[in-house]
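In each ligand, atom 1 is the first atom listed, and ligand 1 is the first ligand listed.
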Amino acid sequence: MRAKSDKSVAEPLRIDGAELRIVTLPLVTPFTIATGTMVDKVFPLLILKADGLEGYGEGVMDPWPDYLDESLLGSMAFMRDVLLPNIVGAKFEHPSALEKLLTPWRGHYMAKAMIEMAFWDLWAKSLNLPLKTVLGGLKSTIEVGVSLGITSLEETVQRALAHDELGYKRIKLKIMPGHDIEIIKAVRTALPQAHLTVDANTSYSLADTPIFQALDAFELDYIEQPLAWDDIHDHAVLQSRILTPICLDESIRSAADARKALQTDAARVINIKVGRVGGHLEAKRLHDVCGAWDVPVWCGGMLEAGIGRAHNIHLSTLANFRKPGDTSSSSRYFIKDIVNEALTAKNGLMPVPEGAGIGVTLDWTFLETVTSSTEIFKR
Ligand code: OSB
Ligand code: MG
């Protein structure tokens, strides 16, 4: 990377080119949640180029729209035909200038986020500052927990114990109908003091209220996204019937959604994922709205590889990220990651990568072997 130039602060960045790849990494173990099982992590990687610098963004859309209503297929077309042709060749003063170009389009949060994240990285590098600094974060390590996929009761207990032993600050268990109370009871018995949470990934309805009332006995920190992905109202009804705080993930797509959820007491904790809300700027607004209500947030994950993971870590340095996030060690998911730097948590603390921008670099040789397509944009 070049040294800080005196013109970088004064002149807007012109995007000279972009590279859009599709990357596939095998997972160390299959990851099962209420909506299905993931064996490989397939994701788009975006490289934006300006002034001899490169900015990196990683998309979190799954091949099929099973987490939210966005898929890899649909977003690739939207990025290739609509977003990138308007961005490559254009100049942007600040990430908010880029955002102006993205907001007119409905939806496509993950596609917008990937581009916006790559620009933040590029822009921070042009100022020779870490991403956390331009976002306004101060921490040099962040607290992290783990998210444990659905397996047998015995294996879940054993994995929960092993991660508690490693010092992770919170254990999150994935649940779904038929795989809930018994598992939670077993893990709570094995770990009476641990911070435990559950994530239902939208798999229940209000008819299941008695199950959630029964969960009040296990002193969970919160119950993540029990009801429908596009619902806020029913979560308010459920929250009025139980003591354990509800945490929303899927149903919060913006700071405005968060305000509605907080005003109606539909959530008492919020999970922020940059991809789900369309970028770092909206993630910051959401973070601030929750802060104003004295409601803690934490940074969720989507089994990201190193680029997405680094973005999550920098974002998590903001002050109201007051609960452990999901950005655990990369080696839990991948034998080999696409970045050169190891992103490893020790005693539940993940260090923030140092250096300009996101602070991690691509292992180009390895990346080449796991890339299935590359599209080049120039102007
Ligand atoms: O709901 O938080 C979720 C993974 C894929 C899709 C949805 C979710 C998750 C996780 C994994 O919980 C978190 C991680 O990246 O470790
Ligand atoms: Mg979740």
Out of M38, R332, R309, K273, whose heavy atom is nearest to atom 3 (C) of ligand 1? K273
With under 30° as parallel and over 60° as perpendicular, where do the rings of F119 and F92 fit, or are they tilted in between? perpendicular
Using a 4.0 Å heavy-atom cut-off, which part of T327 comes near ligand 1: side chain, backbone, both, or neither? neither
A student checking ligand 1 against D249 at a 4.0 Å heavy-atom cut-off should list atoms 1 (O), 2 (O), 3 (C)
Pairing of R322 and D294 as salt bridge, 4.0 angstrom limit: yes
Mind checking whether E250 has an N or O less than 3.5 Å away from an N or O of ligand 1? no
So H287 and F321, would you call those rings parallel, tilted or perpendicular, with 30° and 60° as cut-offs? parallel
Could you walk me through whether W229 and T35 pass the side-chain contact (heavy atoms from CB on, under 4.5 Å) test, one step at a time? CA-CA 12 Å; W229 64 279; T35 52; over 6 Å; no
Work out whether the distance between some heavy atom of E224 and some atom of ligand 1 is less than 4.0 Å. yes
Closest approach of any protein heavy atom to atom 5 (C) of ligand 1, naming residue and atom: M302 SD, 4.1 Å
Candidate pair I272 and W298, rule side-chain contact (heavy atoms from CB on, under 4.5 Å), full reasoning: CA-CA 6 Å; I272 298 184; W298 57 278; over 6 Å; no
What protein N/O/S atoms sit under 2.8 Å from the Mg ion (ligand 2), by chain and number? D199 OD2, E224 OE2, D249 OD2
Return the set of residues passing side-chain contact (heavy atoms from CB on, under 4.5 Å) with T24 (not counting sequence neighbours), or none when no residue passes. D40, V42
Can you tell me which residue and heavy atom of the protein come closest to atom 15 (O) of ligand 1, and the distance to 0.1 Å? L303 N, 2.9 Å
Ion pair check, K125 and E54, cut-off under 4.0 Å: no
Check ligand 1 against K174 and write out every atom of the ligand that is under 4.0 Å from a heavy-atom position of the residue. 1 (O), 2 (O), 3 (C), 8 (C), 9 (C), 10 (C), 12 (O)
Do ligand 1 and F31 have nitrogen or oxygen atoms that lie under 3.5 Å from each other? no
For atom 1 (O) of ligand 1, the closest protein heavy atom turns out to be N201 ND2, 2.8 Å
Can you tell me the protein heavy atom closest to atom 14 (C) of ligand 1 and the distance? Y333 OH, 3.5 Å
Proximal ligand 1 atoms for Y67, defined as those under 4.0 Å from one of its heavy atoms: 7 (C)
Element-labelled atoms of ligand 1 that are located less than 4.0 Å from some non-hydrogen atom of S147: 10 (C), 11 (C), 12 (O), 13 (C)
On the six-membered ring of Y333, is K41 placed so that its NZ or CZ lies under 6.0 angstrom from the centre and within 45° of the ring axis? no
Between Q239 and T244, is there a donor-acceptor pair closer than 3.5 Å when you use the side chain of the first and the backbone of the second? yes
Just to be sure I'm reading this right: ignoring hydrogens, which of G149, G301, G36 gets closest to atom 9 (C) of ligand 1? Compare them by their nearest heavy atoms. G301
Kindly determine whether R253 and D69 satisfy salt bridge (Lys or Arg N to Asp or Glu O under 4.0 Å), including the steps that lead there. CA-CA 12 Å; R253 310 302 299 270; D69 54 349; 3.5 Å; yes
Using a 4.0 Å heavy-atom cut-off, say whether V146 meets ligand 1 through its side chain, its backbone, both or neither. neither
Tell me whether N271 has any N or O atom under 3.5 angstrom from an N or O of ligand 1. no
Below 4.0 angstrom, N of the basic side chain to O of the carboxylate: do D326 and K172 qualify? yes
SB check D337 R309 (cutoff 4.0 Å): no
Is the backbone N or O of T361 less than 3.5 Å from a side-chain atom of E341, with the two atoms forming a donor-acceptor pair by type? yes
Taking R285 first and then E99, would you say they form a salt bridge - that is, a charged N and a carboxylate O separated by under 4.0 Å? yes
